[in-house]
Amino acid sequence: MEFETKNNIEEEKLQFYYIELLKEQVNKFIDEHSKVPTAHIETFGCQMNARDSEKLLGIVKAAGFKEIDSENADLVIYNTCSVRDNANQKVYGRLGRLSTFKKKNPEMKIVLCGCMTQEESVIEHIKTSYRFVDIVLGTHNIYKVAQLLYISYIGKDNYSPMDEDEAGKYYWHKNMLISHWDMTEKIVENLPIERKYAYKSGVNIMFGCNNFCSYCIVPYVRGRERSRDPEEIIAEIKKLVADGCIEIMLLGQNVNSYGKNLKNPISFAELLRRIEKIEGLERIRFMTSHPKDLSDELIEVMKSSDKICKHLHLPLQSGSSRILKAMNRVYDKEQYLKLALRIREEIPDISITTDIIVGFPGETKEDVDETIDVIEKVQFDNAFTFIYSKRTGTPAASMEQVPEDIVKEQFDRVLDCVQKTAQNQIKKMQGLILPVLVEEVNKQDENLLTGRLSNNTVVHFKGDSSLIGTIVNVKCVDYKGFYYLGELV
Ligand code: SAH
Ligand code: SF4
Ligand code: F3S
């Protein structure tokens, strides 16, 4: 299937119009309450969601809301994640707390969006158990947040849709406005964005996922894979660089399959080559790479580039070929090992990090032995280790589940092994002087700055806050766990 992947200018114009209408509601609020309405956005989940939250915040700030760092606000938006069940449970817990704020401030608006609300069963649960939620929207239509807020402020009885088409895009359940789309071919860019960091930014290069790993809910909640037009990506990055960004992170569920569904297909490696030429851009990162699509061309580009960071996040999920097959990962243990070891050989200073799931249905101790074997052979620099979580609607949900106590035991073995390889890797940098992009004042100790090496290792060191957003040389003096204490040179 081919999707139009260019920005939809008509929709963009319409949304600017709704931002203006929402502004009128904000002004009315100011007249009535003698204060500017406050907004708080909470992000659960991955970089994709974090970027979406910047878009949501940009829109509500453009309409006149003031951002605050508290949930006791006039507008609270939860941008949710559903990759594991504990992410859902966390949101339900937090919603309970929000209801107490809403009792004190009945005019408060609560918006639920993101991956959880792409699930019909979640929407049904919200309708019955969390009736105080005002707006429910998913992942495909967050660009419509100004429109939906405007309609919610005006109220069910006072608002009439502009046309049939618009009316079909949402419905009311009592006073709850629900806008649930299974899929969209529209991409709406150029709406206001409020970036969290001045010097770095995420840039979506694709949306959705076609891989259908048997445990994973993402393809169901993020829709089919759509790549953005390369010219529009380049234009966005140039604008970010002109605005002071020196590092960008290209975002997608499977970035190395970028470009396949474009009218004029280009490879991810080719996109990187084009981005690299942008003057003033210093660092390029990307997330996430699927081992099955990692090409020789990409290794070549990474090897020869000064701007592409020496870090590759390459999710393994399992080291057992039998389990990988059941997971529908399309590579086996040998192929992963061959690939990872070749990358280590070609790019010796690269860090390789990974994701591992323990407790996938049918996983035995012997399967976990295989996972541990891969961890030891690749010597991962770091790994996110997850306990398998059953996601309704995915093929793995109907497979035979592993008892919890066995999973816990195996999980600890994997974690232990990852910690060892991470220590082996971080040790190697001791004494080296390396460039660090200074990110912020250390959260625990304000005398320290925090930054990142090209390989993504965090370094803390003494320095002046004026260095934030610049690249400086730092000597890696002493490592503690996963980070370094360094000295500015
Ligand atoms: N698109 C990315 C990752 C998306 S989700 C990729 O394929 O690499 C991030 C990670 O969450 C996955 O890599 C996987 O390790 C984990 N994950 C996904 N579904 C899960 C589930 N049902 N239970 C436990 N972990 C899961
Ligand atoms: Fe999920 Fe697999 Fe797609 Fe990653 S590649 S988002 S794990 S289905
Ligand atoms: Fe979670 Fe959705 Fe990201 S399910 S991991 S927020 S794509």
Side-chain angles (χ1 to χ4, degrees), residues 41-53 55-56 78-91 112-119 122 138-140 142 202 204-226 250-258 286-294 312-319 323-324 326-331 336 352-361 363 371 380 382-399 401-402 404 407 410-411 414 418:
I41 301 186
E42 192 81 19
T43 311
F44 303 80
C46 65
Q47 270 98 346
M48 242 73 66
N49 260 20
R51 183 66 177 156
D52 283 347
S53 289
K55 295 177 182 176
L56 290 161
Y78 277 179
N79 193 8
T80 63
C81 169
S82 60
V83 76
R84 284 168 289 276
D85 187 53
N86 53 9
N88 290 41
Q89 295 315 323
K90 199 162 149 190
V91 169
L112 264 193
C113 63
C115 294
M116 250 175 95
T117 45
Q118 280 302 126
E119 291 180 83
V122 171
T139 55
H140 301 302
I142 60 147
N204 297 103
I205 62 164
M206 60 200 301
F207 303 95
C209 181
N210 283 354
N211 290 324
F212 289 95
C213 301
S214 62
Y215 50 81
C216 185
I217 200 162
V218 171
Y220 306 89
V221 295
R222 287 270 171 182
R224 293 294 61 71
E225 192 177 291
R226 286 98 70 206
L250 306 174
L251 300 174
Q253 292 298 349
N254 180 10
V255 286
N256 34 33
S257 84
Y258 170 80
F286 51 86
M287 279 274 258
T288 300
S289 303
H290 194 302
K292 78 176 167 62
D293 294 310
L294 202 132
L312 185 66
H313 187 66
L314 193 64
L316 167 68
Q317 313 302 1
S318 166
I323 294 294
L324 285 168
M327 286 177 162
N328 191 28
R329 288 293 287 180
V330 203
Y331 54 85
Y336 186 96
I352 304 182
T353 57
T354 200
D355 291 345
I356 293 167
I357 298 175
V358 181
F360 181 84
E363 189 179 62
T371 301
F380 288 113
N382 208 340
F384 294 107
T385 317
F386 304 110
I387 287 186
Y388 167 77
S389 169
K390 183 172 162 177
R391 309 313 288 130
T392 310
T394 62
S398 50
M399 299 177 190
Q401 311 292 306
V402 181
E404 237 172 77
V407 178
Q410 299 307 321
F411 180 83
V414 171
V418 163

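Computed from a predicted model, the values in this text were never measured in an experiment. Side chains are part of it too, since the values below use all heavy atoms of this structure and drop only hydrogens, waters and symmetry mates. Counting starts at 1 for both ligands and their atoms, in listed order.
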**Message:** For R222, state whether at least one heavy atom is located under 4.0 Å from any atom of ligand 2.
**Reply:** no
**Fill in**
Rounding to 0.5 Å, atoms CD1 (I387) and CG (N86) come to a distance of 9.0 Å
**Asked** So which bit of Q253 gets within less than 4.0 Å of ligand 1, heavy atoms only: side chain, backbone, both or neither?
**Response** both
**Request:** Please name the pair of heavy atoms, one in T80 and one in T117, separated by the smallest distance, quoted to 0.1 Å.
**Result:** OG1-N, 4.0 Å
**Message:** Between C46 and atom 3 (Fe) of ligand 3, is there a contact where an N/O/S atom of the residue lies under 2.8 Å from the metal?
**Reply:** yes
**Prompt:** Any idea which atoms of ligand 1 are less than 4.0 Å away from a heavy-atom of I357?
**Reply:** 14 (C), 15 (O), 17 (N), 25 (N), 26 (C)
**Message:** Rounded to the nearest 0.5 Å, what separates atom CZ in R224 from atom CZ in F212?
**Reply:** 3.5 Å
**Complete:** Heavy-atom nearest pair, S53 first then N79, reads OG-ND2, 3.0 Å
**Fill in**
When rounded to the nearest 0.5 Å, the distance separating CG of D355 from CG of N382 is 10.0 Å
**Asked** Got more than 12 heavy atoms from elsewhere within 6.0 Å of CD, Q89?
**Response** yes
**Message:** Counting only heavy atoms closer than 4.0 Å, does ligand 1 sit against the backbone of Y215, its side chain, both, or neither?
**Reply:** both
**Item:** Check: Q253 and H290 side chains under 4.5 Å, non-hydrogen atoms
**Value:** no
**Prompt:** Atoms of ligand 3 less than 4.0 Å from C115 heavy atoms?
**Reply:** 2 (Fe), 4 (S), 6 (S), 7 (S)
**Asked** Which of the numbered atoms in ligand 2 are below 4.0 angstrom from a heavy atom of V218?
**Response** 6 (S)
**Item:** Under-4.0 Å heavy-atom contact with ligand 1, by part of P315 that carries it
**Value:** side chain
**Request:** Of all the heavy-atom pairs spanning C115 and N49, show the shortest one and how long it is.
**Result:** SG-OD1, 4.4 Å
**Request:** Report yes if T288 has an N/O atom closer than 3.5 Å to an N/O atom of ligand 1; otherwise report no.
**Result:** no
**Message:** Please report whether ligand 1 has a polar contact with D355, defined as an N or O pair separated by less than 3.5 Å (distance criterion only).
**Reply:** yes
**Asked** With respect to atom 4 (S) of ligand 3, which of S82, A50, P219 exhibits the smallest heavy-atom separation?
**Response** S82
**Request:** Heavy-atom distances under 4.0 Å are what count here, so tell me which part of I387 touches ligand 1: side chain, backbone, both or neither.
**Result:** backbone
**More than 12 heavy atoms of other groups within 6.0 Å of F384 CZ** = no
**Prompt:** Quick one: which ligand 2 atoms are inside 4.0 Å of a heavy atom on Q253?
**Reply:** 6 (S)
**Request:** State the atoms of ligand 3, each with its element, that fall below the 4.0 Å cut-off from a heavy-atom position in Q253.
**Result:** 7 (S)
**Distance-only N or O hit between ligand 1 and R391, under 3.5 Å** = no
**Request:** With heavy atoms of R329 as the reference, note each atom of ligand 1 found under 4.0 Å away.
**Result:** 7 (O)
**Prompt:** With a 6.0 Å cut-off on ring centres, are F411 and F386 close enough?
**Reply:** no
**Item:** Protein contact to atom 1 (Fe) of ligand 3 [nearest heavy atom, distance to 0.1 Å]
**Value:** C81 SG, 2.4 Å
**Shortest protein contact, atom 22 (N) of ligand 1 (heavy atom only)** = S389 O, 2.8 Å
**Message:** Out of all atoms in ligand 1, which are within 4.0 Å of some heavy atom of R84? Include the element for each.
**Reply:** 11 (O), 16 (C), 17 (N), 23 (N), 24 (C), 25 (N), 26 (C)
**Asked** Can you tell me how far the CG atom of L250 sits from the CE atom of M206, to the nearest 0.5 Å?
**Response** 11.0 Å
**Prompt:** What part of P315, side chain from CB on, backbone N/CA/C/O, both or neither, has a heavy atom under 4.0 Å from ligand 2?
**Reply:** neither
**Prompt:** Is the closest side-chain heavy-atom distance between V255 and S289 below 4.5 Å?
**Reply:** yes
**Message:** Please list the nearest protein heavy atom to atom 5 (S) of ligand 2 with its residue and the distance rounded to 0.1 Å.
**Reply:** N211 ND2, 3.3 Å
**Residue portion contacting ligand 2 (non-hydrogen atoms closer than 4.0 Å) for Y215** = side chain
**Prompt:** Near C216, which atoms of ligand 2 are under 4.0 Å from a heavy atom of that residue?
**Reply:** 1 (Fe), 6 (S), 7 (S), 8 (S)
**Request:** Flag yes if more than 12 heavy atoms outside K292 fall under 6.0 Å of its NZ atom; otherwise flag no.
**Result:** yes
**Message:** Polar contacts were defined as any N/O atom of the residue lying under 3.5 Å from an N/O atom of the ligand; does this apply to Q317 and ligand 1?
**Reply:** yes
**Request:** Check each atom of ligand 2 against the heavy atoms of C209 and keep those under 4.0 Å away; list them by number with element.
**Result:** 3 (Fe), 5 (S), 6 (S), 8 (S)
**Message:** Regarding R222 and D52, does a basic nitrogen lie under 4.0 Å from an acidic carboxylate oxygen?
**Reply:** yes
**Prompt:** What closest approach, in Å, do P291 and Y331 show between heavy atoms, and which atom pair accounts for it?
**Reply:** CG-CE2, 3.6 Å
**Prompt:** In Å and rounded to the nearest 0.5 Å, what is the CG to OG distance from N88 to S82?
**Reply:** 5.5 Å
**Item:** For ligand 2, the portion of C213 having any non-hydrogen atom under 4.0 Å away
**Value:** both
**Request:** Could you establish whether R222 and ligand 3 come within less than 4.0 Å of each other, counting only heavy atoms on the residue side?
**Result:** yes
**Message:** Quick check on V83 - does any of its heavy atoms sit under 4.0 Å from an atom of ligand 1?
**Reply:** yes
**Message:** I'd like to check whether Y388 has a polar contact with ligand 1, where a contact means an N/O of the residue lying under 3.5 Å from an N/O of the ligand.
**Reply:** no
**Message:** Show the atoms of ligand 2 that are less than 4.0 angstrom away from any heavy atom in F212.
**Reply:** 8 (S)
**Item:** ligand 2 atoms in contact with P219 (distance to a heavy atom under 4.0 Å)
**Value:** 8 (S)
**Asked** Considering only heavy atoms of N49, which atoms of ligand 3 have at least one such atom less than 4.0 Å away?
**Response** 6 (S)
**Prompt:** Going from CD on E363 to CE on M327, what distance comes out if it is rounded to the nearest 0.5 angstrom?
**Reply:** 6.5 Å
**Item:** Exercise: identify the closest heavy-atom pair between A383 and V418
**Value:** CB-CG1, 3.6 Å
